[in-house]
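Some notes on the structure that comes next.
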Amino acid sequence: MGSLSSLLVKSAIAILAAAVAYAPLADRARVLYLLVQNAPEKLTEIKTLGDYSVKFSERLRNCEDAHLVDEDRVAILSCDPGRDFWNTVMGTFAPDLSTVPTGELFLYRYDSAKYSDAHALVSIELHDFELAGFHPLGVEYHRPSSSLFVVSHHYEGSRVEIFKLDLSAPKPVARHKRTLMGPLLRAPNAVAALNEHELYITNDHHFLQKDGAFLSHLETYAQLPLGSVAYVNLTTEDDPAEVRSVARSAFTNGVALLNESALAVSSSSTTKVFLYKILPDRSLLQTGTITLPFMPDNLSVDKKGTLLIAGHPHPPTLDKLRKDRFECLMDNNRENESCYEGITPSGMAEWSAEAGLKVSHLTKGGFSTSCTAMRDTDYKLGFMTGLYEKGILVWKA
């Protein structure tokens, strides 16, 4: 009888262990299936954006993120022509940093009644700030306080730069106020501002590419939940008064406030967006999950409360584009402009609690490497940026 009981206990433990292991294994199998089905030669395209065009392809390159200030009908664009030579997330490191172009911030005034295309796009001047090593990713703007938050993957360590941006000036100027760095801001990627002094900042990885590609790749492809969301309180002028890790996921990427008490965070490795309730102490309680047919990147929320999710249907093709371009640019015998050729699939979806998930854009080529989508519902215009693309895509929403 004792041996039977022991056998039953062991069997129960084995079944429990299998059940615990099944979910992540099944999730990895689903992601692998997506990688096969989303290969350019197999991808089933979805095109519902209607009329669209690519603007400013001669002036903009590699815009990773953007922030829409629809009250003022402007978009703040975070762009970096240097990404072709320096990409700390994907692992591109030029041997000669003096040849790497710096990143730029732009203001796109899209109100066509006031501005023609020739005057709609202006560079944001950064004052009291050293541009060398500036490589912007995530960008966030808190309009009531004119606070601009920009993630920069600087040569001497990734950080978040804080500026005061005056949108009303004819020539926009951002004055630097503060730099945020620290062990809990190891790999900052995106920012969501609760107010002028409280932020949620994602860290995409724990193991950094610059410290060793193997562990970073293992973290990504094994879906290890080592990325994080950090809560930061900026109530002092010294180092942040408080920095806490409040959530973890695999390849933690985009972040956006759904409302004052709910946060959305994308996990690229798992092809999911996690939904959280913001608790009174600013910690996070997971309340839901959105599963996508592509790897989500940045997130935004329009005025109607709809979450817009842009991302990458086939990361292997994206990585090949990155590698091919870098090798081409490093070859002195090649014509550099030809190095920028190449396309990868793009994806965009929208979600709301009422309507659920709708995939609105899934393409094999055209405007490639989609990473941020935004929409002004009053002006009926949408925008998309591309990680390794020229210009931005604009559609009639």
Side-chain angles (χ1 to χ4, degrees), residues 28 30-45 54 57 61-64 79-95 100-101 135 137 153 189 204-205 207-210 212-223 250-251 253 266-271 292-298 310-348 361-372 384-391 393:
R28 291 187 184 95
R30 180 185 58 79
V31 172
L32 288 173
Y33 175 78
L34 273 181
L35 291 178
V36 173
Q37 293 302 114
N38 287 350
E41 64 273 14
K42 289 189 174 185
L43 182 68
T44 300
E45 293 190 303
V54 176
S57 59
R61 178 172 285 168
N62 304 350
C63 298
E64 197 272 350
C79 309
D80 185 12
R83 183 166 295 110
D84 301 310
F85 306 87
W86 180 264
N87 184 331
T88 61
V89 180
M90 297 182 70
T92 306
F93 303 105
V100 180
H135 293 288
L137 273 81
H153 282 193
N189 192 296
D204 51 72
H205 283 77
F207 293 111
L208 309 182
Q209 284 274 355
K210 67 178 183 178
F214 174 77
L215 287 177
S216 183
H217 285 146
L218 178 66
E219 180 179 341
T220 298
Y221 294 108
Q223 299 180 8
F251 200 152
N253 202 328
S266 64
S267 167
S268 297
S269 291
T270 63
T271 71
L292 295 147
F294 55 81
M295 282 61 178
D297 200 320
N298 289 320
H312 312 288
H314 198 246
T317 306
L318 170 62
D319 197 47
K320 184 178 186 304
L321 181 149
R322 173 192 68 85
K323 290 178 179 177
D324 289 350
R325 183 177 295 185
F326 181 64
E327 290 175 3
C328 178
L329 290 169
M330 291 294 103
D331 186 347
N332 293 328
N333 296 318
R334 300 281 294 274
E335 174 59 47
N336 278 356
E337 198 54 37
S338 67
C339 298
Y340 298 103
E341 298 173 359
I343 55 176
T344 73
S346 285
M348 188 188 86
H361 188 71
L362 204 61
T363 64
K364 299 177 182 180
F367 190 82
S368 298
T369 66
S370 55
C371 53
T372 302
M384 183 184 293
T385 66
L387 185 68
Y388 281 100
E389 187 58 91
K390 295 178 181 179
L393 184 147

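Computed from heavy atoms alone, side chains included, the values below leave out hydrogens, waters and symmetry copies. Just so it is clear, the structure is predicted and the values come from calculations on it, not from any experiment.
Classified by interplanar angle (parallel below 30°, tilted 30° to 60°, perpendicular above 60°), the ring pair W86/H135 is tilted.
We find the CD-CE distance between Q209 and M90 to be 9.0 Å, quoted to the nearest 0.5 Å. The CD atom of E341 lies 8.5 Å from the SG atom of C328; values are rounded to the nearest 0.5 Å. Atom CE of M348 sits about 10.5 Å away from atom OG1 of T363, to the nearest 0.5 Å. Atom CD1 of I343 and atom CG of L318 lie 13.0 Å apart (nearest 0.5 Å). A distance of 10.5 Å separates OG in S368 from CG in L393, rounded to the nearest 0.5 Å. Rounding to the nearest 0.5 Å places CZ of F294 at 10.0 Å from NE2 of H361.
Counting heavy atoms from C-beta outward, T88 and L208 have side chains that stay 4.5 Å or more apart. Proximity of E64 to D297: side-chain heavy atoms (C-beta onward) are separated by under 4.5 Å at one or more points. At a threshold of 4.5 Å between non-hydrogen side-chain atoms, the residues H312 and C371 count as touching. The shortest side-chain heavy-atom distance between F85 and L329 falls under the 4.5 Å cut-off. Using a 4.5 Å heavy-atom cutoff, the side chains of H153 and D80 are not in contact. Contact of the H205 side chain with the N189 side chain is not registered, since no non-hydrogen atoms from C-beta on lie closer than 4.5 Å. Between L35 and P315, the closest side-chain pair of non-hydrogen atoms falls below 4.5 Å. Side-chain contact between Y340 and E389: absent, with no pair of heavy atoms (C-beta onward) separated by less than 4.5 Å.
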Item to complete: Just do the side-chain contact (heavy atoms from CB on, under 4.5 Å) check on L43 and H314 with the steps written out, would you?
Response: CA-CA 9 Å; L43 182 68; H314 198 246; over 6 Å; no

Discussion item. Does T44 form a side-chain contact (heavy atoms from CB on, under 4.5 Å) with L362? I'd like the steps, not just the answer.
Written reply: CA-CA 8 Å; T44 300; L362 204 61; over 6 Å; no

Discussion item. Run the side-chain contact (heavy atoms from CB on, under 4.5 Å) test on D319 and K323 for me, step by step, so that the C-alpha distance in whole Å, both residues' side-chain angles and the decisive distance to 0.1 Å come before the verdict.
Written reply: CA-CA 6 Å; D319 197 47; K323 290 178 179 177; 3.1 Å; yes

Discussion item. Please evaluate residues L321 and F326 with respect to the criterion side-chain contact (heavy atoms from CB on, under 4.5 Å), reporting the C-alpha separation (whole Å), side-chain torsions for both, the decisive distance (0.1 Å), and the verdict.
Written reply: CA-CA 9 Å; L321 181 149; F326 181 64; over 6 Å; no

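Looking at every heavy atom in both residues, M384 comes nearest to S370 through SD-CB, 3.5 Å. When every heavy atom of V31 is checked against every heavy atom of M295, the shortest pair comes out as CG1-CE, 3.6 Å. S267 and A250 make their closest contact through OG-O, 2.6 Å (heavy atoms, listed as atom of the first residue, atom of the second, distance). Contact detail for R83 and C63: the closest heavy-atom pair is NH1-N, 4.4 Å. The two residues T271 and P296 have their closest heavy-atom pair at CA-CD, 3.5 Å. The shortest non-hydrogen separation linking R325 to C339 is CG-O, 3.5 Å.
A donor-acceptor contact under 3.5 angstrom links the side chains of N253 and S268, judged on distance only. Counted by atom type alone, T372 and N298 present one or more donor-acceptor pairs between their side chains at under 3.5 Å.
Listed for the N38 side chain is a donor-acceptor partner under 3.5 Å among the backbone atoms of P313. Of the possible polar contacts, one joining the T369 side chain to the L387 backbone as a donor-acceptor pair under 3.5 Å is found. Although no hydrogens or angles enter the test, the distance criterion places a donor-acceptor pair under 3.5 Å between the side chain of S346 and the main chain of F367.
Relative to the ring axis of Y221, R28 does not place its NZ or CZ within 45° and under 6.0 Å from the centre.
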